[in-house]
Amino acid sequence: MPELPEVESVRRGLADWLPGARVDAVRLHDPRILGTTSQRTIAPAAAEAFATGITGAGFDVPARRGKFLWVPLAGTGDTPERALSVHLGMSGQFRIHEPGDPVHRHTRADFTCFSPDGREFSLRFVDQRIFGHLGIDELTVPGRWNSSLPVPAQMTHIAPDPLEESTDLDAIARLVKTKRSAIKSVLLDQSVLSGIGNIYADEALHRAGVHPLAQACRLRISRVRTVLESAREVMLEALEQGGTSFDALYVNVNGESGYFDRSLGVYGRTGQPCLRCGALITRLVVGGRGTHICLQCQKPQR
DNA sequence: CTTAAGCCCTGCTGGC
DNA sequence: TGCCAGCAGGGCTTAA
């Protein structure tokens with residue numbers, strides 16, 4: 001499940017290949033990848049517009065906010081600038097291939113590219129569950145955040161993430177304190193702070209010793225701040241190890257898995273001993289998501 | 001306005 | 001052995 005560290009690993013992988021490369025052709029194997037999960041039918045004209053919009057364009061340096069990724073399109077002379085916008089969803093992957101490599105069955109889009117030195121390669125978007133998304137968007141600076149980062153127009157409601165310089169975790173903590181939902185649900189709200197998904201929400205709450213069902217507004221702000229700092233820490237550590245992979249669903253552009261799963265404290269460890277206190281990890285459901293906690297380390301409290 | 005719940009999709013797991 | 005219900009999850013949409 002790609003969250004911030006996994007998406008950033010993918011972004012870095014793409015950054016080795018895409019800047020300066022040019023798109024020669026696009027093959028859309030499954031147009032549903034252009035829609036959202038609630039907009040599955042894609043008009044043929046929309047698929048056509050995507051293909052013509054990106055064919056002939058050049059790639060600039062890939063960028064990221066939270067779990068969202070985009071590649072600015074260079075040399076189109078467009079104002080405002082446009083970008084290939086991407087969300088990996090649950091199972092999305094970018095893979096770099098030699099032109100003749102066999103096409104994986106879940107390949108949804110295939111971009112034939114030429115690097116600046118004239119070498120041909122294939123950029124493929126593979127997505128088993130089609131929760132991912134590709135699109136072309138204009139870049140714009142959202143007015144609502146304390147950040148000057150231009151982002152694709154469809155991502156302006158997404159808050160900055162913990163790794164951005166402009167992010168003020170004290171200000172985020174104050175915002176979290178206004179929410180009546182369970183703290184875990186607030187951590188997963190991408191309009192508050194982006195990049196945290198189910199895995200790192202559980203890990204951050206365990207590190208901070210906070211129960212996931214604690215009402216956000218009832219927590220002491222110092223505890224909220226500790227949770228946010230823990231989230232930032234755990235995602236930085238995961239990034240150093242190339243992200244978290246449980247199976248073949250998350251891999252980098254070269255097909256390699258991350259190995260942070262070995263360092264997880266609670267996620268996916270139901271019934272196993274807590275690494276800190278030895279109590280057995282238990283599982284509950286919060287906001288419809290599987291949640292893993294140590295009842296000893298994460299007692300309900302302010 | 002805020003918060004919660006439903007839906008999309010595929011492949012794997014478990015029960016019979 | 002085969003079948004099918006149930007589950008997993010991010011984010012958008014709709015309902016309350």
Side-chain angles (χ1 to χ4, degrees), chain A residues 1-8 10 29-42 46 64-70 85-94 104-109 125-135 137 142 144 151-161 174-204 212-219 231 235 243-251 261 264 266-271 283-292:
Chain A
M1 293 132 254
E3 303 178 31
L4 190 154
E6 294 75 35
V7 179
E8 174 61 13
V10 170
H29 291 94
D30 193 331
R32 287 178 297 176
I33 207 63
L34 299 181
T36 64
T37 50
S38 47
Q39 177 65 50
R40 303 304 317 196
T41 22
I42 304 300
R64 181 194 54 76
R65 165 166 281 177
K67 306 172 202 173
F68 290 78
L69 186 65
W70 64 93
S85 58
V86 183
H87 198 288
L88 301 179
M90 283 294 299
S91 53
Q93 309 173 355
F94 266 122
H104 187 282
R105 68 185 276 215
H106 297 306
T107 301
R108 311 299 179 183
F125 191 73
V126 180
D127 188 3
Q128 178 188 95
R129 296 182 194 169
I130 326 182
F131 273 32
H133 170 76
L134 295 179
D137 268 319
R144 55 200 298 188
V151 307
Q154 291 184 358
M155 303 180 189
T156 53
H157 63 295
I158 300 300
D161 66 55
R174 289 193 292 273
L175 176 58
V176 170
K177 277 281 290 177
T178 68
K179 307 292 183 182
R180 299 167 64 93
S181 311
I183 182 66
K184 177 172 175 178
S185 298
V186 180
L187 290 180
L188 295 176
D189 185 344
Q190 306 297 301
S191 70
V192 173
L193 179 70
S194 71
I196 302 174
N198 206 36
I199 297 173
Y200 298 109
D202 281 5
E203 293 300 313
L213 283 173
Q215 213 179 358
C217 57
R218 291 181 181 269
L219 283 168
M235 291 197 291
T244 301
S245 308
F246 294 108
D247 46 35
L249 282 190
Y250 162 70
V251 292
D261 57 305
L264 294 174
V266 285
Y267 191 87
R269 299 194 64 245
T270 307
R283 185 183 180 283
L284 64 157
V285 174
V286 179
R289 300 289 178 241
T291 300
H292 312 74

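Just so it is clear, the values below take in all heavy atoms, side chains as well, and ignore hydrogens, waters and symmetry mates.
- Note on A:H157: every side-chain N or O is 4.0 Å or more away from OP1 and OP2 of C:dG11.
- Within the 4.0 Å cut-off from OP1 or OP2 of C:dG11, at least one side-chain nitrogen or oxygen of A:H87 is found.
- Here A:D189 contributes atom CG and A:K179 contributes atom NZ; the two are 6.0 Å apart, rounded to the nearest 0.5 Å.
- Among the atoms of the strands shown, none is found under 4.0 Å from any heavy atom of A:Q39.
- A pairwise comparison of heavy atoms in A:S91 and A:R129 identifies OG-N, 2.9 Å as the closest pair.
- In this structure, A:Y267 reaches the C:dG9 phosphate: one of its side-chain N or O atoms is under 4.0 Å from OP1 or OP2.
- Taking atom CZ of residue A:R108 and atom P of nucleotide B:dC9, one finds them 11 Å apart after rounding to whole Å.
- In this structure, CD1 of A:I42 is placed 11 Å from P of B:dC9, rounded to the nearest angstrom.
- Look at CD on A:E3: it is 16 Å from P on C:dA8, rounded to the nearest Å.
- Straight-line distance from the CG atom of A:D161 to the P atom of C:dG11: 12 Å, rounded to whole Å.
- Within 4.0 Å (heavy atoms only), A:H106 reaches sugar-phosphate atoms of the nucleic acid but no base atom.
- By the 5.5 angstrom centroid cut-off and the 30-degree plane limit, A:F131 is classified as not stacked against the base of C:dG11.
- Contact between the side-chain N/O atoms of A:S181 and the OP1/OP2 oxygens of B:dA4 is found at a separation under 4.0 Å.
- In this entry the distance linking CG of A:D202 with C1' of C:dA8 reads 14 Å, nearest Å.
- A salt bridge is defined here as a Lys NZ or Arg NE, NH1 or NH2 lying under 4.0 Å from an Asp or Glu carboxylate O, and A:R64 with A:D161 meets this definition.
- The side chain of A:Q190 places an N or O atom within less than 4.0 Å of a non-bridging phosphate oxygen (OP1 or OP2) of C:dG11.
- Between A:K67 and C:dG11, a side-chain N or O to OP1/OP2 separation shorter than 4.0 Å is present.
- When distances run from any side-chain atom of A:T36 to the nucleotides B:dC9, C:dC12, C:dG10, the shortest one goes to C:dC12.
- Distance check: A:H87 NE2 to A:W70 CH2 gives 11.5 Å after rounding to the nearest 0.5 Å.
- Proximity of A:R32 to the phosphate of B:dT10: a side-chain N or O atom is located under 4.0 Å from OP1 or OP2.
- For the pair A:D127 CG and C:dG11 C1', the interatomic distance rounds to 14 Å; values are reported in whole Å.
- When the C1' atom of C:dG10 is taken as reference, atom CD1 of A:I130 falls 15 Å away, rounded to whole Å.
- Note on A:G290: only backbone sugar-phosphate atoms sit closer than 4.0 angstrom, heavy atoms only; bases stay farther off.
- For the pair A:Q215 CD and B:dT3 C1', the computed distance is 11 Å after rounding to whole Å.
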Please walk me through it: do A:I183 and A:L219 pass side chain to side chain contact (heavy atoms under 4.5 Å, CB included)? CA-CA 9 Å; A:I183 182 66; A:L219 283 168; 3.9 Å; yes
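- Taken from OG1 in A:T270 to CG in A:L284, the straight-line distance is 9.5 Å, to the nearest 0.5 Å.
- The base of C:dG10 is paired with the side chain of A:R289 by a donor and an acceptor separated by under 3.5 Å.
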